[in-house]
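Worksheet for the structure shown next.
Within every chain, numbering begins at 1; the chains are lettered A, B, ... in the order of the sequence lines, protein sequences first and strands thereafter. Computed over heavy atoms, backbone and side chain alike; hydrogens, waters and symmetry mates excluded. Remember, it's a predicted structure, so these values are computed and weren't measured experimentally.
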Amino acid sequence: MPPLLSALGWVLAPALLVVGYAYVRGGSKVRRYLVIRVLMVVPMVLLMGSFVFLILRALPGDPVAAESAFSSTPAQQALTRQELGLNDPMIEQYGRFMKSVVTLDFGTSVTGGRENVAEALSERLPGSAELVVPATVIAVVFGIATGMIAALRRGTMADHGLRLYSVLSQSMPGFLVGMLLQLIFASWLGWFPVSGEFDAGLIGNDGVTPGGYLLTRSIFSGDWTMVGSVLHHLVLPVLALSWIVVGTNLRVARINMIEAMDADYILAGTARGIKNSVLNYRYAFRNALLPIVTLLGLQVALMLGGTVVIEQVFDWPGLGQYLLEGILARNFPAVQGAIIVITIFVILVSLLVDALYTLIDPRVDL
Amino acid sequence: VRIRTSRAATSAALAIAALTVLAACTSSHRGPSEGSSGTSSTSGGKLIIGTTNQIVSLDPNGTSDTLGRSVVAAYDDSLYRAVPDGDPAPDMAIGPPEASPDGLSYTVKLRQDVKFGDGTPLTAGAYVKQFDRALSLNGDGPNTRVIPYVESVTATDDYTLVFHLKGKFALFPSLLMYNDYAPSNPKNFPANKLVNLPKPPVYGTGPYILQSYSVSSGQIVFTPNPYYFGEKAPWDQVIIRIFDTPQTMALSLSNGEIDVAWKDLSSEQLQTLKSHSDITEASFAPGLFDFAVNHKMAPTDDPNVDQAISAVLDRDAAIDKALGGVGATALYSPIPPGVLGSADVFRTKFEPPNVSMATQLLAQSGYSKSKPVPLVVGYSSSQWGSDYGNAVQALVDQLNATGLFDAHVKDNEWTTYLAGLQAGDTYNIGLLDKSPGVDPDFYTSIFINASGVGTFITDEKNKPLSPAGQEFLDQLHVAATTLDEKARVQAYAKLLDMWATTVPTIPLWTEEHKVAYLNDKVQGPDGLANSEAFSIGANDILYLDRIRPAG
């Protein structure tokens with residue numbers, strides 16, 4: 001199996017499982033909707049790819065000059081451009097690119113060591129996934145928990161404090177939060193490392209080699225030193241990344257919880273003598289949860305976008321860092337490949353969320 | 001419900017706090033952590049060097065950047081090695097190269113005890129095969145230090161090499177210390193193909209073996225070469241860790257996660273690092289900064305305008321204002337002090353700041369305070385950061401303060417900046433930096449030949465765009481092919497006079513690159529080896545084996 005498909009498999013497999021389960025459980029409308037959604041994946045990816053292709057060609061600057069303006073003559077640069085196919089007609093380049101999207105083989109990088117882009121992406125995607133997944137879990141759990149507390153303590157100091165926190169969370173950019181966390185918890189207090197994915201000194205210690213799903217591989221191979229090191233390095237970037245969306249979740253959870261608690265069926269339940277705790281957690285909470293699930297797909301996309309900055313701040317070897325480096329160097333294949341992979345990732349997560357929605361709320365008829 | 005909620009919240013908060021403390025306890029703050037070596041400094045251990053350079057190529061015939069050349073120098077020895085403020089010292093060679101009477105060939109005697117890291121002995125014959133590789137890779141990889149100069153290489157016996165040149169090149173001996181003249185191991189590098197990312201381990205002839213590396217994780221790992229002919233490598237393992245930003249690298253050094261922060265630190269970051277008692281800074285490899293003057297675009301296609309700019313710029317004032325913390329020195333010669341042919345022609349001719357001279361020059365071209373010269377000054381803060389941006393702005397302010405210029409800075413992202421510079425349609429003058437070299441030709445020809453990185457004295461095919469362009473090409477050729485040193489100095493003196501008249505570039509300042517390191521881990525600048533490692537004036541390479549443990 002190609003390494004990129006293997007790396008994507010960690011997202012692809014659960015998404016297909018959940019979609020399959022939702023298809024089996026769902027009614028005819030749900031089934032039709034899911035089939036259309038799955039079929040739409042291909043044109044959406046191709047459309048996004050075309051858009052990126054055109055945008056990149058419209059940017060000033062070219063990769064060969066960016067890399068070797070001072071170390072090669074214009075004649076050598078022209079020869080390199082020719083070898084890389086950058087002088088080919090646009091339609092020819094576009095055809096090659098479309099083929100690469102279909103085969104998930106994006107060729108070689110046009111800057112740096114001319115590395116294989118698909119292999120590079122298969123190494124970078126896991127780095128971002130291991131950052132985004134825990135950040136999503138924290139954002140959802142912490143957002144809902146604090147939102148519930150704020151709703152249950154409406155009008156108290158705790159409510160005001162949490163709402164203030166929510167505003168701060170939504171207004172402070174992720175990179176600023178990241179740098180503050182670095183300054184306080186790494187530089188001043190020294191509790192966490194400043195950057196990187198693991199302690200550089202662990203290399204060569206007969207343990208797991210760097211790259212890919214490092215945390216997952218370390219757990220499966222029982223390399224607990226590496227597991228501890230990666231977890232230690234994960235804390236600050238995960239907190240910074242989750243910060244981006246935790247405030248939104250808090251607000252949404254609070255508002256929906258308040259609406260649910262004010263609903264007629266809760267009043268009816270109270271009149272029937274059902275305990276408040278049962279009403280709040282069994283009925284109100286479950287209904288308040290649904291909008292968060294809807295938001296989840298968007299938030300994963302938002303956090304994947306956030307990795308571009310957070311990975312830069314924490315020097316985390318992921319897709320966002322690769323994408324930014326690619327844009328700055330006009331490394332067309334790398335940028336195109338990264339955007340396509342992110343697009344597939346987001347579409348799959350979105351599909352997963354839609355399928356989950358039909359499972360969580362049986363009333364939903366898509 | 002509230003009580004229960006409160007308890008739940010408290011429990012959750014305590015759990016998060018406990019997890020945080022637990023995670024924090026898995027490693028200690030500062031000092032030799034897992035990430036930072038941890039073993040006794042006197043017995044080697046691990047050395048972790050941070051850099052912001054990215055991996056481009058690790059093939060001896062493909063490297064043109066500082067990191068690539070330093071990596072190759074660690075696993076592969078060249079014939080000669082750069083020495084600060086001196087001629088290259090023999091490395092795999094046993095004496096200086098001997099020129100033939102006609103200057104068309106050079107003979108180099110090789111050491112007899114050289115082996116690759118896998119135990120394979122190296123002879124002149126093997127070296128010739130590897131060198132033929134460099135010649136055969138024409139067009140694939142830089143090779144700019146081989147193809148234009150060398151016709152062929154032969155071995156007269158097992159330990160004698162003869163380089164046959166295409167013509168007389170006075171600078172040729174200085175080229176022999178570059179990676180292009182290192183023998184690449186045929187097991188790692190096939191004869192007919194450039195391998196930018198070779199499969200590790202890479203066994204060269206240098207003090208270390210390139211044990212492993214990861215482009216995605218930004219790590220390069222070296223272990224000692226047991227067959228190295230010289231002194232045993234001082235560290236059990238050297239790791240180069242690549243950072244995206246100097247800011248993160250500086251924080252990592254202050255946190256003890258790396259032992260050395262190599263280059264690209266801003267003055268502000270250096271000041272902060274110096275406040276730590278266990279961190280020391282050292283200087284090396286002065287880089288040069290110039291304005292490239294665009295002769296294709298008005299009004300800088302007029303030599304009077306270019307000379308007027310040169311007359312106004314007060315480099316010292318700009319340095320005092322913006323670059324005081326980074327050790328910059330004003331520069332008045334395209335060839336820096338200490339290199340053959342250097343002469344302060346921009347000081348002697350213009351005596352800057354000299355507004356009256358600028359006024360006279362501009363009057364000849366119809367400019368005055370009522371009709372100031374419009375100028376677009378190019379800069380890239382994504383490449384050089386804010387320190388240099390402030391210096392460029394200070395220079396532009398000086399121009400505008402005369403009333404003779406209406407200049408403004410156009411700041412573009414690096415790739416866009418380069419595109420504008422090379423197209424010649426965006427900036428009148430633009431900042432450029434230049435790594436140090438050992439021969440005056442390195443400092444001059446790049447700004448004249450093949451459009452001259454945006455100066456447009458010649459076009460991309462090296463055709464002169466003016467009579468002055470032809471004179472420059474002729475004089476460069478004379479200077480590069482004159483073997484007699486005195487005659488060569490005279491040739492460069494004439495070239496620099498032409499430089500101050502036509503003004504392809506305006507020299508601005510030199511600045512020493514800085515490294516910062518943990519002084520309880522790495523030997524200080526008093527130590528000979530370390531002083532050499534951090535004070536490379538010749539070719540910008542960091543020789544890893546020269547970095548010694550403290551103690």
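- Most heavy-atom pairs under 4.5 Å with chain A: of the set B:V215, B:N462, B:D59, this distinction falls to B:V215.
- Interface residue B:I242: only backbone heavy atoms are found under 4.5 Å from chain A.
- Contacts of B:E460 with chain A are made by both backbone and side-chain atoms, with heavy-atom separations under 4.5 Å.
- Only the backbone of A:V313 comes within contact range of chain B, with heavy atoms under 4.5 Å apart.
- Going from atom CH2 of A:W188 over to atom OG of B:S254 covers 12.0 Å, rounded to the nearest 0.5 Å.
- Listed options A:R330, A:Q182, A:E311 were ranked by heavy-atom pairs under 4.5 angstrom with chain B; first place goes to A:R330.
- Only the side chain of B:S214 has a heavy atom closer than 4.5 Å to any heavy atom of chain A.
- Here the CG-CG distance, from B:L251 to A:L183, works out to 7.0 Å after rounding to the nearest 0.5 Å.
- With a 4.5 angstrom heavy-atom cutoff, A:A158 does not touch chain B via any of its atoms.
- Using a 4.5 Å cut-off between heavy atoms, B:T245 contacts chain A through its side chain alone, with no backbone atom that close.
- Heavy atoms of A:E197 lying under 4.5 Å from chain B belong exclusively to its side chain.
- Going from atom CD of A:E115 over to atom CD1 of B:I55 covers 9.0 Å, rounded to the nearest 0.5 Å.
- A distance of 10.5 Å separates CD1 in A:I327 from OG1 in B:T415, rounded to the nearest 0.5 Å.
- Shown here for B:N255 and A:G190, the closest heavy-atom pair between the two residues is OD1-CA, 4.2 Å.
- Within 6.0 Å of atom CZ in A:R282, 12 or fewer heavy atoms from other residues, nucleotides or ligands are found, so the atom counts as exposed in its surroundings.
- Rounding to the nearest 0.5 Å gives a distance of 10.5 Å between CG of A:L121 and OG of B:S216.
- For B:R241 and A:S195, the side-chain atoms include at least one donor-acceptor pair closer than 3.5 Å.
- The two atoms that bring A:F198 and B:Q219 nearest to each other are CZ-NE2, 3.7 Å, heavy atoms only.
- Of the possible donor and acceptor atoms, one in the side chain of A:D315 sits under 3.5 Å from a partner among the backbone N and O of B:D244.
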